[in-house]
Q: 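Take a look at this one; I'll ask things after.
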Amino acid sequence: MARRYWLMKSEPDVFGIHDLERRPGGTEPWDGVRNYQARNFMRDDMQPGDGVLFYHSNSDPPGVAGLAEVVRAGYPDPTAFDPAHIHYDAKSDPASPRWFMVDVRHLHTFARLIPLEELRRTPGLEDMAVVRKGQRLSVQPVTAAEWEIVRALGER
DNA sequence: GCCAACGTTGGC
DNA sequence: GCCAACGTTGGC
């Protein structure tokens, strides 16, 4: 299976790319996703080695902050089982987990954040989900061509 | 802080 | 199974 590419959103006030960078091994479980489409990508499609555009949402400006990679394929999100946890979901239990996550490892923090506004006006990125109005999905597939364009922008 | 977009819930 | 109400996301 060829390497695939993704964009994952995180609020930098909560967990930004610098937080990922500082984790042991630069690795963090991507817990707390409670959306079925995003869940399905993590549970069914994401594989170790896949590339991740680390996107800062709800920030000023929003944009792509750097690169990461998937290092562990989908497995049950344990925060859903913990009543004390903010992401607790009584409808998910270990015998039949509802929510899944992957582990993500930091690869590279761009020297500059690539603002959403720049993505919008960059040729070749017109079809990215993140530039489309009303698209809120926090885990999105990205094409190899889009990955390469964004990666190159990050080197500028 | 506003609010459009959109996913989820629940009454029927 | 429809759809109105509601809650959340996330850019602005």
Side-chain angles (χ1 to χ4, degrees), chain A residues 4-23 28-46 50-70 73-104 106-143 145-147 149-154 156:
Chain A
R4 293 204 253 190
Y5 302 94
W6 308 92
L7 179 146
M8 299 178 89
K9 296 180 185 174
S10 188
E11 301 190 21
D13 289 349
V14 179
F15 189 84
I17 196 163
H18 293 104
D19 296 301
L20 182 63
E21 201 169 355
R22 284 192 289 267
R23 284 291 190 268
E28 180 76 357
W30 205 267
D31 61 26
V33 173
R34 298 293 179 264
N35 170 280
Y36 288 104
Q37 267 184 282
R39 186 278 308 269
N40 293 346
F41 287 135
M42 293 199 291
R43 186 189 62 188
D44 304 334
D45 300 317
M46 299 176 80
D50 284 2
V52 174
L53 299 175
F54 196 111
Y55 183 85
H56 282 176
S57 63
N58 248 320
S59 59
D60 189 19
V64 178
L67 307 178
E69 68 174 348
V70 177
Y75 62 108
D77 179 347
T79 66
F81 309 142
D82 177 2
H85 201 281
I86 191 172
H87 295 308
Y88 176 64
D89 180 356
K91 295 177 196 150
S92 185
D93 71 88
S96 172
R98 173 173 298 204
W99 303 113
F100 286 72
M101 61 185 186
V102 297
D103 286 356
V104 167
H106 178 266
L107 283 181
H108 178 62
T109 299
F110 291 154
R112 65 183 187 104
L113 181 115
I114 306 166
L116 176 58
E117 174 274 331
E118 183 172 343
L119 300 179
R120 289 191 195 285
R121 60 181 162 79
T122 299
L125 302 183
E126 297 88 352
D127 292 332
M128 282 185 85
V130 74
V131 307
R132 287 205 290 269
K133 188 178 180 183
Q135 179 52 260
R136 302 177 307 172
L137 198 56
S138 66
V139 178
Q140 314 174 347
V142 164
T143 69
E146 290 162 349
W147 163 274
I149 290 169
V150 175
R151 193 199 58 74
L153 287 176
R156 287 228 294 266

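Chain letters run A, B, ... following the sequence lines, proteins first and then strands; every chain starts at 1.
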Q: Between side-chain atoms of residues 128-135 of chain A and protein atoms elsewhere (two or more places apart, or another chain), which donor-acceptor pairs fall under 3.5 Å?
A:
residue, atom, partner, partner atom, Å
A/Arg132, NH1, A/Asp127, O, 2.6
A/Gln135, OE1, A/Leu137, N, 2.9

Q: Using only atom types and a distance under 3.5 Å, with no angle test, would you say the side chain of A/Arg112 pairs donor to acceptor with the backbone of A/Leu153?
A: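 Flag set: sc A/Arg112 to bb A/Leu153 pair under 3.5 Å.
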Q: For a 4.0 angstrom threshold against heavy atoms of chain A, report the outermost contacting nucleotides of DNA chain C in 5' to 3' order.
A: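 Counting from the 5' end, contacts occupy C/dG7 to C/dC12.
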Q: Any idea which heavy atoms bring A/Asn35 and A/Trp99 closest together, and the distance?
A: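 Between these two residues, the closest heavy atoms are N-CZ3, 3.6 Å.
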Q: Which of residues 91-102 of chain A have a heavy atom under 4.0 Å from DNA chain C?
A: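 Hits under 4.0 Å, by residue number: none.
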Q: Quick one, A/Leu67 and A/Phe110 - any side-chain contact, counting heavy atoms below 4.5 Å?
A: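 Yes - at least one pair of side-chain heavy atoms lies under 4.5 Å apart.
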Q: In terms of the angle between their ring planes, are A/Phe15 and A/Phe54 parallel, tilted or perpendicular, with boundaries placed at 30° and 60°?
A: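 Rings of A/Phe15 and A/Phe54: tilted, 30 to 60°.
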Q: Do A/His56 side-chain atoms and A/Ile17 backbone N/O form a donor-acceptor pair below 3.5 Å?
A: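 Checking the backbone N and O of A/Ile17 against the side chain of A/His56, a donor-acceptor pair under 3.5 Å is found.
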Q: Kindly calculate the angle separating the two end axes of the helix from B/dG1-C/dC12 to B/dC12-C/dG1, each obtained from five base pairs, and round it to 10 degrees.
A: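 Rounded value for the end-axis angle: 10°.
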Q: Within residues 122-136 of chain A, find the residues that approach DNA chain B with a heavy atom at under 4.0 Å, and present them sorted by residue number.
A: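 A/Lys133, A/Gly134, A/Arg136, in order of number.
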Q: Could you pull out the closest heavy-atom pair between A/Ile149 and A/Gly124, with the gap in Å?
A: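 Here A/Ile149 and A/Gly124 meet closest at CD1-CA, 4.0 Å.
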Q: Which donor-acceptor pairs under 3.5 Å do the side chains of residues 73-82 of chain A make with protein atoms, sequence neighbours left out?
A:
residue, atom, partner, partner atom, Å
A/Tyr75, OH, A/Asp103, OD1, 2.5
A/Tyr75, OH, A/Asp103, OD2, 3.4
A/Asp77, OD1, A/Thr79, N, 2.9
A/Asp77, OD1, A/Thr79, OG1, 2.6
A/Asp77, OD2, A/Gly32, N, 2.8
A/Asp77, OD2, A/Arg34, NH1, 2.9
A/Asp77, OD2, A/Arg34, NH2, 3.3
A/Asp77, OD2, A/Thr79, OG1, 3.3
A/Thr79, OG1, A/Arg34, NH2, 3.0
A/Asp82, OD1, A/Ala84, N, 2.9

Q: Is there a side-chain contact between A/Met46 and A/Val139 in this structure, where contact means two heavy atoms from C-beta onward sitting under 4.5 Å apart?
A: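 Of all side-chain heavy-atom pairs linking A/Val139 with A/Met46, at least one is under 4.5 Å.
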Q: Within the distance-only criterion (no hydrogens, no angle test), does the side chain of A/Ser59 pair as donor or acceptor with the backbone N or O of A/Pro61 below 3.5 angstrom?
A: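 Yes: the side chain of A/Ser59 pairs with the backbone of A/Pro61.
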Q: State, to 0.1 Å, how close A/Trp147 and A/Ala68 come at their nearest heavy-atom pair, and which atoms those are.
A: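 Heavy atoms only, the tightest pair is CH2-O, 4.2 Å.
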Q: Do A/Val70 and A/Val52 come within less than 4.5 Å of each other through their side chains, counting heavy atoms only?
A: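 Yes, at least one pair of side-chain atoms sits under 4.5 Å.
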